[in-house]
Protein chains: 2
Amino acid sequence: MATIKDVAKRAGVALSTASYALNGNQKVSASTIEKVLKAARELNYQKNGFASDLKRTKTNTIALILSDMSGPYFSELIKGVQEVTASHQYDLIACSSLGGDRSTATKFLREKRVDGAIILANNVSTQLIEESAREDFPIIVLDREVQNPFAIHVKVDNRHGAYQATEHLIENGHRTIGYISGPHDSHDNEERFKGFSDALKDHGITFQSRFKISGNFTRDGGYRATKMLIAQQQLPDALFYANDEMAIGGLQAFSEKGISIPDDVSIVGFDDIQLSEYVNPPLTTVKQPKYEAGALAVHTIFQMLAGEQVDQSFDLSTEFVKRSSVRSK
Amino acid sequence: MATIKDVAKRAGVALSTASYALNGNQKVSASTIEKVLKAARELNYQKNGFASDLKRTKTNTIALILSDMSGPYFSELIKGVQEVTASHQYDLIACSSLGGDRSTATKFLREKRVDGAIILANNVSTQLIEESAREDFPIIVLDREVQNPFAIHVKVDNRHGAYQATEHLIENGHRTIGYISGPHDSHDNEERFKGFSDALKDHGITFQSRFKISGNFTRDGGYRATKMLIAQQQLPDALFYANDEMAIGGLQAFSEKGISIPDDVSIVGFDDIQLSEYVNPPLTTVKQPKYEAGALAVHTIFQMLAGEQVDQSFDLSTEFVKRSSVRSK
DNA sequence: CTGTTAGCGCCTTCAG
DNA sequence: CTGAAGGCGCTAACAG
């Protein structure tokens with residue numbers, strides 16, 4: 001590989017001149033720039049990005065860290081992140097935190113391989129985030145609170161969203177309502193459960209803990225949890241699935257047993273993923289402002305990078321989406 | 001940020017010793033290693049990844065380049081890529097080629113910021129790929145042929161898949177069949193069209209070019225193309241959509257006009273994306289072996305990195321998936 | 001406008 | 001085990 005040295009030599013100029021020319025610095029004459037560019041072309045020169053990053057201690061790239069890139073991630077969120085990132089002429093890379101401590105995500109965080117990061121990955125430890133965030137390495141977390149002035153929380157109001165959905169169930173006459181939960185260490189799940197319980201409490205309904213089953217936020221988990229519930233012989237009137245993926249798994253379990261939704265059991269999900277509109281019946285759920293969350297996250301990173309003061313946390317609200325998986329009164 | 005120098009100082013050892021200790025080199029005693037590690041911990045030392053990459057000219061990471069990360073990408077493909085990459089203790093990052101020459105993908109390719117790349121992005125120019133691929137930078141392309149011994153093609157048999165699907169249409173009595181096409185510069189689209197035409201020809205059917213409309217591989221494009229066809233007043237018996245996204249857009253256009261699928265028009269798609277099973281009616285389509293393609297791609301990269309000889313191209317076959325969007329004879 | 005020079009942080013000899 | 005020294009490729013003063 002040709003280096004900048006070779007280019008300078010071939011163009012017959014000094015190394016620094018070549019560097020200036022290549023980087024479009026003012027103080028080089030047009031003709032010299034042309035000479036250098038020509039030499040670079042002839043040598044098929046490509047700069048070594050690492051060397052330049054090392055020197056400038058700046059990468060011009062933002063990382064989006066997801067718990068599982070192959071998961072049904074939020075395409076709207078990525079779109080929001082991508083557009084804002086691109087409009088600032090920054091690069092964006094996505095990486096996964098699958099594999100815990102030895103994951104790519106961990107490496108990027110620890111080694112500060114990017115200028116800022118956005119995290120939506122419950123398997124990245126809060127400790128790691130707190131240790132990594134600092135003035136020149138802002139981190140935005142979308143799914144938890146973090147104690148570090150350079151780790152900002154962009155949160156959606158999971159609690160209120162869950163409250164609304166639960167109330168919808170109650171208003172339509174459902175009294176025994178089960179909760180299919182996400183991972184216990186998920187902050188989002190916890191908030192949703194709180195909203196759910198609050199609604200129940202406010203309407204004088206007591207929650208029966210045998211109707212709380214974990215489904216781990218996966219379709220398969222939702223399927224199994226639902227199967228279990230069916231096997232118990234005593235189905236509640238309605239089920240609150242802490243996310244859509246699990247609800248869709250549940251739908252399948254019910255359909256296999258000939259249990260009709262919403263005639264026999266009503267269900268609601270959370271997230272409003274793309275599929276939810278297409279399943280049968282279309283899923284009543286709570287929509288998250290994903291695009292906005294993504295855009296706001298990046299926007300905040302750039303503000304921090306520019307040394308501006310930002311709030312410690314931002315709140316975004318959800319929207320209830322009524323479709324056909326809840327029986328009307 | 002603490003550097004290795006600080007660690008060495010604090011541990012009271014030489015810089016080189018610290019380096020050895022940190023990298024698990026044999027020639028350092030266990031007690032010294034402990035001392036160094038302790039100092040590193042106390043200083044919250046993190047090595048600078050760029051410096052080390054620069055020195056070693058190796059990044060231990062593979063890039064997956066997609067035309068649009070927020071698009072309905074192939075989650076199975078990512079899974080295949082991810083699993084094999086992780087099993088080799090390599091890191092994986094995904095980036096988008098959105099933005100053409102100034103995209104993140106272009107930067108990674110040009111500057112060789114990774115050890116190898118897998119490309120499924122029709123907006124990355126073949127020229128760039130050919131210029132970038134070299135012995136120490138293997139590239140696998142999933143959607144075209146490239147003339148460079150270090151750019152290997154993992155292809156699925158689009159042609160045969162399209163042939164089969166078309167034949168299915170013909171066998172069920174359809175004679176005038178339209179083709180909703182992808183981008184003209186897409187190799188996949190071209191191959192699918194060839195399979196489609198071949199099937200028609202082999203059954204003595206002549207294709208009417210007014211029934212070929214471009215839909216650009218997007219849902220919206222499929223929607224618009226279908227609208228256009230409907231507006232022409234003369235619908236064919238059946239429609240071959242060059243991918244599922246477009247077919248789903250078409251489904252919506254038909255439904256808005258009260259045209260019933262498959263009673264009025266039969267349709268088939270291509271890809272078998274997750275949604276296809278859930279739309280109404282469930283889409284008959286051609287399934288691509290995405291997981292296998294992803295896994296094979298990474299596997300090949302590692303072989304090349306190890307200096308082994310590999311074939312210039314690999315072929316994977318498709319599978320016809322019969323669902324309910326084609327009227328039976 | 002050009003050439004010289006001093007690092008960025010890390011890794012790896014090599015002789016002691 | 002040490003300490004010095006050379007470099008990876010590039011950038012950015014600085015002095016001419």
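Residue numbers begin at 1 in each chain, while the letters A, B, ... track the order of the sequences.
Remark: the A:Lys47 side chain and the D:dG9 base include no donor-acceptor N/O pair separated by less than 3.5 Å.
For the pair B:Leu54 CG and D:dC10 C1', the interatomic distance rounds to 9 Å; values are reported in whole Å. Straight-line distance from the NZ atom of A:Lys9 to the P atom of C:dG3: 14 Å, rounded to whole Å. At whole-Å resolution of the value, OH in B:Tyr20 and C1' in C:dC11 are 8 Å apart. Spacing between atom CD of A:Glu111 and atom C1' of C:dC10 amounts to 12 Å, rounded to whole angstrom units. One atom, CD of B:Glu34, and another, C1' of D:dC1, lie 17 Å apart when rounded to the nearest Å. Taking atom CD1 on B:Ile4 and atom P on D:dG3, their separation rounds to 15 Å, with Å as the unit. We find that CZ of A:Arg56 is positioned 16 Å from C1' of C:dG7, with the value rounded to whole Å. Computed from coordinates, the B:Asp53 CG to D:dG7 C1' distance equals 16 Å when rounded to whole Å.
Under 4.0 Å is where a charged nitrogen must lie from a carboxylate oxygen, and between A:Arg41 and B:Glu131 no such pair does. Using a cutoff of 4.0 Å between basic side-chain nitrogens and carboxylate oxygens, A:Glu190 and A:Arg144 are not scored as salt-bridged.
The side chain of B:Ala51 lies closest to C:dC10 when the candidates are C:dC10, C:dG3, D:dT11. Counting only heavy atoms from C-beta on, B:Thr32 has its side chain closest to D:dC1 among C:dC8, D:dC1, D:dT2. Closest to the B:Val28 side chain, of the nucleotides C:dG3, D:dG9, D:dC1, is D:dC1.
Side-chain atoms of A:Glu130 never come within 3.5 Å of backbone atoms of A:Asn148 as a donor-acceptor pair (strictly under, hydrogens ignored).
Within the 4.0 Å cut-off from OP1 or OP2 of D:dT2, not a single side-chain nitrogen or oxygen of B:Ser16 is found. Considering only side-chain N and O atoms, B:Thr3 lies nowhere under 4.0 angstrom from the phosphate OP1 or OP2 of C:dG9. For B:Asn23 and C:dC11, the shortest distance from a side-chain N or O to OP1 or OP2 is below 4.0 Å. A:Tyr45 has a side-chain polar atom (N or O) that falls below the 4.0 Å cut-off from OP1 or OP2 of D:dC10.
Side-chain contact of A:Asn122 with A:Asp143: a donor-acceptor pair under 3.5 Å is absent, judged by distance alone. Looking at A:Ser97 and A:Asn123, their side chains do bring a donor and an acceptor atom within 3.5 Å of each other.
Taking the nucleotide of DNA chain C with the nearest heavy atom to each of A:Ala30 and B:Leu22, the more 5' of the two is matched to A:Ala30.
Counting non-hydrogen atoms under 4.0 angstrom, B:Thr57 reaches nothing in the nucleic acid.
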